[in-house]
Amino acid sequence: MHVIICSSPEEAADLVAREILDALSRKPDLVLGLATGSTPIRVYDRLLHAHQEDGADFSGVRTFNLDEYIGLPPAHPHGYRTFMHDHLFGGSNFTRENIHFPPTEGPDLVEKCTAFEAKIRDAGGIDIQILGIGSNGHIGFNEPTSSLASRTRITSLTEKTLRDNAPFFDAGEPQPSMAVTMGIGTILDARRILVQAFGLKKAEAVRQSVEGPVSSFFPGSALQLHANVTFHVDAEASSRLTMQAFYRRSQENVKELEAKNVL
Ligand code: GLP
């Protein structure tokens, strides 16, 4: 597990966006796993900028979103399709047919979830998965007690998640309590995972994910089972990590090797 303690969320977003754009330059039909929430917005800003100012071409990129609420019509202002349109797809040249969201409507929703997994496999698997983390440790909408082997499926949201996400809904507006999410097993199949977490609100989630025991009771900890994960955190989100000095020194060591052209 790599932990990069960044000077700011901006620096984290620079690093994550740079890695995605580098991968895109090597593989124009890159397969990206995308997240919603406030955390990845700065990365999407940078990808938009790269398209609008520097000509980055996303037309061949295949995308798979992590999760979506059940019960919201596709164009609902608080649905994740709208979020992705507003923050990334609308201002860039992703191709409509290459954009995939977990299914949320019947009939045969369970079979559709299996078909979503098959689409990921048919695309050759996810090259880079972008992730945020819920304050209760959820990744995607894999809530505590989600099986570490889980696949794309229908899930219920915890009270904590409903409270955390309530501000995104208007007062009095019904808030969905179910969703379809990629499973933890689906996420762990990605070849590279880039996690970001910012602010004190995420400090405990980061501590448990990075330094806690692997447990389905804290889904972020499942990332310890993946060989190529990097956590990009700011000082506040890293504040409960016990090995901060080690992570900082490891960062310096890597920079030194890079400078010497060893890497
Ligand atoms: C939501 C999403 C997650 C996201 C999490 C954190 O519940 N389903 O994929 O990582 O919230 O959100 P935020 O980035 O706003 O803190």
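Start at 1 and go down the list; that is how both ligands and their atoms are numbered. The shown structure was predicted, so the numbers you read here are calculated from the model rather than taken from an experiment. Below, each value reflects all heavy atoms present in this structure, side chains not excepted, and no hydrogens, waters or symmetry copies.
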Chemist: Taking the side chain from Gln196 and the backbone from Phe231, do they hold a donor-acceptor pair closer than 3.5 Å?
Modeler: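 Not confirmed, Gln196 side chain does not pair with Phe231 backbone.
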
Chemist: Heavy atom of Gly140 under 4.0 Å from ligand 1?
Modeler: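 Checking ligand 1 against Gly140, which is what was asked, there is a heavy-atom contact under 4.0 Å.
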
Chemist: Take the angle between the ring planes of Tyr69 and Tyr80 and call it parallel below 30°, perpendicular above 60°, tilted in between.
Modeler: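 Taking Tyr80 first and then Tyr69, their aromatic rings sit tilted (interplane angle of 30° to 60°).
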
Chemist: Determine whether the side chain, the backbone, both or neither of Tyr69 has a heavy atom under 4.0 Å from any heavy atom of ligand 1.
Modeler: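 None of Tyr69 does.
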
Chemist: Which atoms of ligand 1 are found less than 4.0 Å from any heavy atom of Thr39?
Modeler: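 Heavy-atom distances to Thr39 below 4.0 Å select 13 (P), 14 (O), 16 (O).
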
Chemist: I'd like to know if His138 contacts ligand 1, where contact means a heavy-atom distance under 4.0 Å to any ligand atom.
Modeler: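 Contact present.
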
Chemist: How far is atom 12 (O) of ligand 1 from its nearest protein heavy atom, and which residue and atom is that?
Modeler: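 Checked against all protein heavy atoms, atom 12 (O) of ligand 1 sits closest to Gly37 CA, 4.0 Å.
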
Chemist: Could you please spell out the steps behind the ring pair (Phe, Tyr, Trp, His ring centres under 6.0 Å) verdict for His87 and Tyr44?
Modeler: CA-CA 6 Å; His87 290 285; Tyr44 299 150; 7.5 Å; no

Chemist: Can you tell which of Asn228, Leu225, Val210 makes a side chain to side chain contact (heavy atoms under 4.5 Å, CB included) with Met1?
Modeler: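 The side chain to side chain contact (heavy atoms under 4.5 Å, CB included) with Met1 is passed solely by Val210 among Asn228, Leu225, Val210.
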
Chemist: Under 3.5 Å between any N/O of Asn165 and any N/O of ligand 1: does that happen in this structure?
Modeler: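 In this structure, Asn165 places an N or O atom under 3.5 Å from an N or O of ligand 1.
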
Chemist: Around atom 16 (O) of ligand 1, find the nearest protein heavy atom and jot down its residue, atom name and distance.
Modeler: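 That would be Lys202 NZ, 2.6 Å.
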
Chemist: By number and element, which atoms of ligand 1 are closer than 4.0 Å to a non-hydrogen atom of Gly132?
Modeler: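 Contacts of ligand 1 toward Gly132, numbered from 1: 10 (O).
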
Chemist: Would you mind listing which atoms of ligand 1 come within a distance below 4.0 Å of any non-hydrogen atom of Asp67?
Modeler: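 Here the atoms of ligand 1 in question are 2 (C), 8 (N), 9 (O).
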
Chemist: Identify the protein heavy atom lying closest to atom 6 (C) of ligand 1, giving its residue, its atom name and the separation to 0.1 Å.
Modeler: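 Ranked first by proximity to atom 6 (C) of ligand 1 is Ile133 O, 3.7 Å.
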
Chemist: Using the ring of each side chain (for Trp, its six-membered ring), is Phe58 parallel, tilted or perpendicular to His51, with breaks at 30° and 60°?
Modeler: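 Plane angle between 30° and 60°, so tilted.
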
Chemist: Which of these passes salt bridge (Lys or Arg N to Asp or Glu O under 4.0 Å) with Asp127: Arg192, Lys27, Arg26?
Modeler: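 When Arg192, Lys27, Arg26 are each tested with Asp127, the salt bridge (Lys or Arg N to Asp or Glu O under 4.0 Å) holds only for Lys27.
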
Chemist: Can a side-chain donor-acceptor contact be found between Thr158 and Glu143 if the only test is distance below 3.5 angstrom?
Modeler: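 Yes, Thr158 and Glu143 have a side-chain donor paired with an acceptor closer than 3.5 Å.
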
Chemist: Among protein heavy atoms, which lies nearest atom 4 (C) of ligand 1, and at what distance?
Modeler: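 For atom 4 (C) of ligand 1, the nearest protein heavy atom is Thr36 O, 3.9 Å.
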
Chemist: List ligand 1 atoms under 4.0 Å from Phe141, heavy atoms only on the residue side.
Modeler: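 Once the distances to Phe141 are compared, the set is 7 (O), 8 (N).
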
Chemist: Mind checking whether His100 and Phe64 have ring centres under 6.0 Å apart?
Modeler: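 Ring centroids of His100 and Phe64 are less than 6.0 Å from each other.
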
Chemist: So, regarding Ser38 and ligand 1 (criterion: nitrogen or oxygen to nitrogen or oxygen, under 3.5 Å), is there a contact or not?
Modeler: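 For ligand 1, there is an N or O atom that lies under 3.5 Å from one belonging to Ser38.
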
Chemist: Does a side-chain N-to-carboxylate-O contact under 4.0 Å join Arg18 and Asp14?
Modeler: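 Looking at Asp14 together with Arg18, the answer is no, because their closest N to O distance does not fall below 4.0 Å.
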
